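A short worksheet on the structure shown next.
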There are 2 protein chains.
Amino acid sequence: MNAENVLDVAMSAYWQNDPADVSVNAICQMAGISKPSLYRAFGSEDGLSRAVLDRYAEQVLSDIFVILQGGTGLHQTLDALIDFASDDPRMETGCLFYKMRAGKHRLGPDTLSRVEEIDAAARAAYAAFLQAARDAGEWPDGLSVEAGARYLGEQIALAITQRASGEDPARIREMLTLALSVFTRR
Amino acid sequence: MNAENVLDVAMSAYWQNDPADVSVNAICQMAGISKPSLYRAFGSEDGLSRAVLDRYAEQVLSDIFVILQGGTGLHQTLDALIDFASDDPRMETGCLFYKMRAGKHRLGPDTLSRVEEIDAAARAAYAAFLQAARDAGEWPDGLSVEAGARYLGEQIALAITQRASGEDPARIREMLTLALSVFTRR
DNA sequence: TCATTTTTATACCAATCGGTATTTTAAGTC
DNA sequence: GACTTAAAATACCGATTGGTATAAAAATGA
């Protein structure tokens with residue numbers, strides 16, 4: 001019955017549509033397995049969506065952490081983030097993590113706690129990146145690293161969420177570039 | 001059976017929670033009316049949510065248009081928008097319009113077209129406001145009014161959406177102020 | 001007061017949800 | 001081949017969804 005294949009099918013379904021709109025029944029049908037098989041493998045819908053999120057984190061989100069930890073300087077890293085959010089084909093239908101976070105009140109407890117865990121890790125990574133830029137002297141006056149990290153994370157989330165709603169990538173890039181210009185102008 | 005009371009109850013329910021999480025059954029129960037009565041008055045769930053959105057537009061959204069058309073200059077109007085998004089108590093649980101727009105794929109055709117209508121009107125109002133600021137010479141180089149209007153609208157939407165998720169208003173204000181600083185710095 | 005019409009309330013509909021009990025099938029093992 | 005064990009498929013569960021048919025009640029007109 002191949003659990004990895006089920007995870008791939010579920011991840012793609014959750015990702016392409018909204019997680020809340022994809023039923024367990026539909027996943028079983030798409031994966032060609034029976035419902036008892038799925039429940040034996042993952043325990044519950046919560047177990048499945050959590051497993052999917054784990055897979056997504058290591059297959060996709062890890063790339064964002066790589067960009068942040070690249071140590072290539074403020075300007076260059078911001079450009080890489082803009083490229084990723086605006087034009088990476090994998091973000092064409094949005095980000096599964098952001099979709100889950102946006103509908104967190106519908107998640108089961110396990111998936112929810114994983115979402116919050118990833119959220120905290122992302123904020124920490126953004127903060128570490130900005131702290132390094134501050135240490136290098138590339139930093140506008142009167143802005144805390146904490147606030148900057150929150151701002152940066154939410155602007156990236158906004159841009160990718162807009163891609164999910166079919167917005168023109170060029171427009172998204174324009175808006176995100178404008179939003180992140182607060183880091184490089186003084 | 002009082003249709004206005006039903007609209008008030010439904011608006012408050014849609015607004016406080018997510019529209020997709022509020023069933024027709026629940027609204028009937030809260031309003032103390034029978035389901036056939038509601039369907040005779042509004043035709044369908046789509047008819048009800050559209051009527052609710054109409055009411056919301058004239059009771060709440062109109063205030064934003066008033067701010068935008070106040071003609072009090074760029075800086076002052078932006079501050080008023082920041083105040084509204086960050087601290088107006090009516091936005092404490094978010095904006096019903098933004099909640100509907102975020103879940104537009106779940107809306108019926110009538111409600112959906114009304115959402116898009118309001119969206120277009122809002123963009124036009126933002127653009128008119130920014131055009132006036134440009135005519136007054138208060139405008140950064142290399143930014144089109146169109147792009148600025150989209151950016152401004154989305155930043156406001158982001159801020160209010162964050163209020164719905166319980167974010168600290170002071171943090172939201174800080175982020176929104178930072179985002180809108182691109183209009184006043186050169 | 002009686003009859004008509006309109007509104008209300010109760011009960012129901014088919015579809016779908018997440019989750020399971022039961023039965024059938026298949027795979028080993030001796 | 002006979003027996004055991006594990007997996008799979010089907011059928012079912014109660015709850016809830018948007019929507020309606022029908023029966024009871026209330027208001028209206030003569």
Side-chain angles (χ1 to χ4, degrees), chain A residues 1-53 96 99-100 102-115, chain B residues 1-53 96 99-100 102-115:
Chain A
M1 89 124 224
N2 199 342
E4 294 224 339
N5 178 53
V6 175
L7 283 179
D8 283 338
V9 166
M11 182 168 85
S12 144
Y14 284 151
W15 194 353
Q16 200 144 13
N17 312 279
D18 199 275
D21 296 332
V22 179
S23 70
V24 175
N25 292 310
I27 291 173
C28 290
Q29 198 165 342
M30 289 184 287
I33 63 164
S34 71
K35 216 169 3 166
S37 300
L38 185 147
Y39 274 89
R40 186 157 17 81
F42 300 103
S44 65
E45 185 177 36
D46 189 22
L48 171 65
S49 60
R50 195 214 145 103
V52 167
L53 179 53
L96 175 54
K99 287 184 176 188
M100 285 185 170
K104 61 163 65 175
H105 60 284
R106 285 182 247 257
L107 299 178
D110 287 3
T111 310
L112 175 59
S113 79
R114 187 79 178 100
V115 162
Chain B
M1 91 124 224
N2 199 343
E4 293 223 342
N5 178 52
V6 175
L7 282 179
D8 282 339
V9 167
M11 183 167 85
S12 144
Y14 283 152
W15 192 355
Q16 201 145 12
N17 312 280
D18 199 274
D21 295 331
V22 179
S23 70
V24 175
N25 292 311
I27 291 173
C28 289
Q29 198 164 343
M30 289 183 287
I33 63 164
S34 72
K35 216 167 4 163
S37 300
L38 186 147
Y39 275 89
R40 188 158 24 76
F42 301 103
S44 66
E45 185 177 36
D46 188 22
L48 171 64
S49 60
R50 195 214 145 104
V52 168
L53 180 54
L96 176 55
K99 287 185 177 187
M100 285 185 170
K104 61 162 68 176
H105 59 285
R106 286 183 246 257
L107 300 178
D110 286 4
T111 310
L112 175 58
S113 78
R114 187 81 178 101
V115 163

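Being a predicted model, the structure only gives us computed values, none of them experimental. Chain letters run A, B, ... following the sequence lines, proteins first, then strands; residues in each count from 1.
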In whole Å, what is the span from the [atom1] atom of [X] to the [atom2] atom of [N]?
X	N	atom1	atom2	result
B:E45	D:dT16	CD	C1'	13 Å
A:F42	C:dG19	CZ	C1'	16 Å
A:I33	C:dG19	CD1	P	14 Å
B:I27	D:dT16	CD1	C1'	15 Å
A:K35	C:dA21	NZ	C1'	13 Å
A:D46	C:dG19	CG	P	9 Å
A:Q29	C:dC17	CD	P	10 Å
A:Y39	D:dT10	OH	P	18 Å

Here the gap from A:L96 atom CG to A:N17 atom CG, rounded to the nearest 0.5 Å, amounts to 11.0 Å

Gap separating the CD atom of B:E45 from the CD1 atom of B:I27, nearest 0.5 angstrom: 7.0 Å

Taking for each residue the nucleotide of DNA chain C bearing the nearest heavy atom, is the 5' side occupied by B:R40 or by A:V22? B:R40

According to a strict under-4.0 Å criterion, is B:N25 in side-chain N/O contact with OP1 or OP2 of D:dT17? yes

Please tell me if B:S37 has a side-chain N or O lying less than 4.0 Å from either OP1 or OP2 of C:dT8. yes

For the backbone of A:K99 and the side chain of A:D18, can you confirm whether one donor and one acceptor N or O come within less than 3.5 Å of each other? no

Give a yes or no on whether the backbone of B:D110 and the side-chain of B:D46 come within a donor-acceptor separation of less than 3.5 Å. yes

Checking D:dA8, D:dG18, C:dG18 against the side chain of A:S34 (C-beta onward), the nearest is D:dA8

Of the nucleotides D:dT10, D:dG18, D:dT20, which has the atom closest to the A:P36 side chain? D:dT10

